[in-house]
Enquirer: 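Let me begin by handing over the structure; questions about it come next.
Remember, it's 1-based here, ligands and their atoms both numbered in the order they're listed.
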Amino acid sequence: MRVLSRFLAAATDVSHFPAPDLPEIAFLGRSNVGKSSLLNSLVGTKIARTSSTPGRTRGINFFEIRFAGQPRPEMIFSDLPGYGYAKLSREISQEWPKFIEPYLRERPTLVLCLALVDVNVPPQESDRQLLTFLQASQRKFVVVATKSDRLSNNQLRNALRVLSQEYPAALLLPYSATSGTGRAELWKEIRAAAVQGPASRATGQRFPVSANSD
Ligand code: GTP
Ligand code: MG
């Protein structure tokens, strides 16, 4: 499956959001966890900017996703700024109430949140807070355990066990943007969510998404 992506908008305010007419997938997690790298890995191009310096992504960046051979775009990916990085936390704490929280709470087309956690790092309070917030907002989410390539099979198994104990209600998928491990599984979840549309919290409308072909 070849994916064609196009940058749509960078938003630092609710008024910058693109029109909500395609199912949207949000990439969320602490600074440096690998949100932009995951997006690039799924799409197969370096469309989102990545960096080893935390805080690379400052606004919400929206990307239109189209599958090769399909006449219309299928969905939107939204790459969000990270949280939990000490140096930035003041700014982030000012930005979240301004446009990120409203986005997560109110965006009618948001069908799935990818909540990224670094599988090399023990569960963090800020991640718990995000997942609690998503649950309270009745958002559908998947926990993506990033940078799985940095662990041996044994270490990875143990780390995933710890995470699944921490987040028992969540679907947990290991991922490596470096090797592509987990890519097919995650695409399956994304496409299923896009077809299903938003949870009943929203209008209940279905999206005009065509049947998927791989
Ligand atoms: P912010 O935008 O600053 O919040 O960061 P981000 O979550 O978008 O992280 P980004 O994708 O920029 O990646 C941060 C660093 O982690 C970069 O140095 C990436 O190369 C590295 N990285 C991301 N994913 C992986 C992975 O799967 N494996 C390995 N080994 N490194 C990764
Ligand atoms: Mg980023």
Enquirer: Numbering the atoms of ligand 1 from 1, which are under 4.0 Å from a heavy atom of Asp149?
Expert: 26 (C), 27 (O), 28 (N), 29 (C), 30 (N)
Enquirer: Which value, rounded to the nearest 0.5 Å, describes the distance between Glu74 atom CD and Ile65 atom CD1?
Expert: 10.5 Å
Enquirer: Taking 4.0 angstrom as the limit and counting only heavy atoms of Thr178, give me the atoms of ligand 1 inside it, by number and element.
Expert: 26 (C), 27 (O), 28 (N), 29 (C), 30 (N)
Enquirer: Might you confirm whether atom NZ of Lys188 has over 12 heavy atoms from other residues, nucleotides or ligands at distances under 6.0 Å?
Expert: no
Enquirer: Any nitrogen or oxygen of Gly34, side chain or backbone, less than 3.5 Å from one on ligand 1?
Expert: yes
Enquirer: Between Phe141 and Gln135, does a side-chain contact (heavy atoms from CB on, under 4.5 Å) hold up when you go through it step by step?
Expert: CA-CA 8 Å; Phe141 62 90; Gln135 267 165 333; 3.6 Å; yes
Enquirer: Examine Trp187 together with Phe77 and report whether their ring centres are nearer than 6.0 Å.
Expert: yes
Enquirer: With a 4.0 Å cut-off on heavy atoms, is Ser51 in contact with ligand 1?
Expert: yes
Enquirer: Test your reading of the structure: does Leu80 have an N or O sitting under 3.5 Å from an N or O of ligand 1?
Expert: no
Enquirer: Less than 4.0 Å is my threshold; does some heavy atom of Thr146 fall inside it relative to ligand 1?
Expert: no
Enquirer: Is it the case that ligand 1 has an N or O less than 3.5 angstrom from some N or O of Ser36?
Expert: yes
Enquirer: Do any of the N, O or S atoms of Ser51 sit under 2.8 Å from the Mg ion (ligand 2)?
Expert: no
Enquirer: Look at the side-chain heavy atoms of Ile, Leu, Val, Met, Phe, Trp and Tyr, link any pair under 4.5 Å apart, and say whether Phe63 and Leu4 land in one connected group.
Expert: no
Enquirer: Any chance you could lay out the side-chain contact (heavy atoms from CB on, under 4.5 Å) test for Leu110 and Arg139, step after step, and finish with the verdict?
Expert: CA-CA 8 Å; Leu110 180 57; Arg139 287 300 186 189; 3.7 Å; yes
Enquirer: Taking only heavy atoms of Gly82, which atoms of ligand 1 are found under 4.0 Å from at least one of them?
Expert: 4 (O)
Enquirer: Given the rule in the side-chain contact (heavy atoms from CB on, under 4.5 Å) test, do Val111 and Lys140 qualify, once you have shown the distances and angles that lead to the verdict?
Expert: CA-CA 7 Å; Val111 297; Lys140 191 170 170 187; over 6 Å; no
Enquirer: Just going by heavy-atom distances, which of Ser37, Pro174, Ser31 is nearest to atom 10 (P) of ligand 1?
Expert: Ser37
Enquirer: Distance alone, cut at 3.5 Å: any donor-acceptor contact between the side chains of Asp13 and Ser15?
Expert: yes
Enquirer: Considering the heavy atoms of Ala177, write down every atom of ligand 1 situated less than 4.0 Å from one of them.
Expert: 24 (N), 26 (C), 27 (O)
Enquirer: For ligand 1, which atoms have a heavy atom of Ser176 less than 4.0 angstrom away?
Expert: 27 (O)
Enquirer: Indicate, as side chain, backbone, both or neither, the part of Asn32 found under 4.0 angstrom from ligand 1 when only non-hydrogen atoms are considered.
Expert: both
Enquirer: If the cut-off is 4.0 Å to any non-hydrogen atom of Ser52, which atoms of ligand 1 fall inside it?
Expert: 18 (O)
Enquirer: Between Asp79 and ligand 1, is there a nitrogen or oxygen pair with a distance under 3.5 Å?
Expert: no
Enquirer: Run down the list Lys147, Arg49, Lys35 and name the one with the heavy atom closest to atom 4 (O) of ligand 1.
Expert: Lys35
Enquirer: Take Leu39 and Ile47, measure what side-chain contact (heavy atoms from CB on, under 4.5 Å) needs, and give me the verdict at the end.
Expert: CA-CA 8 Å; Leu39 195 156; Ile47 189 159; 3.9 Å; yes
Enquirer: What distance separates Lys35 NZ from Asp79 CG, expressed to the nearest 0.5 Å?
Expert: 7.0 Å
Enquirer: Could an N or O of ligand 1 be found under 3.5 Å from any N or O of Val33, whether backbone or side chain?
Expert: yes
Enquirer: In this structure, which one of Leu134, Leu131, Leu114 forms a side-chain contact (heavy atoms from CB on, under 4.5 Å) with Leu28?
Expert: Leu134
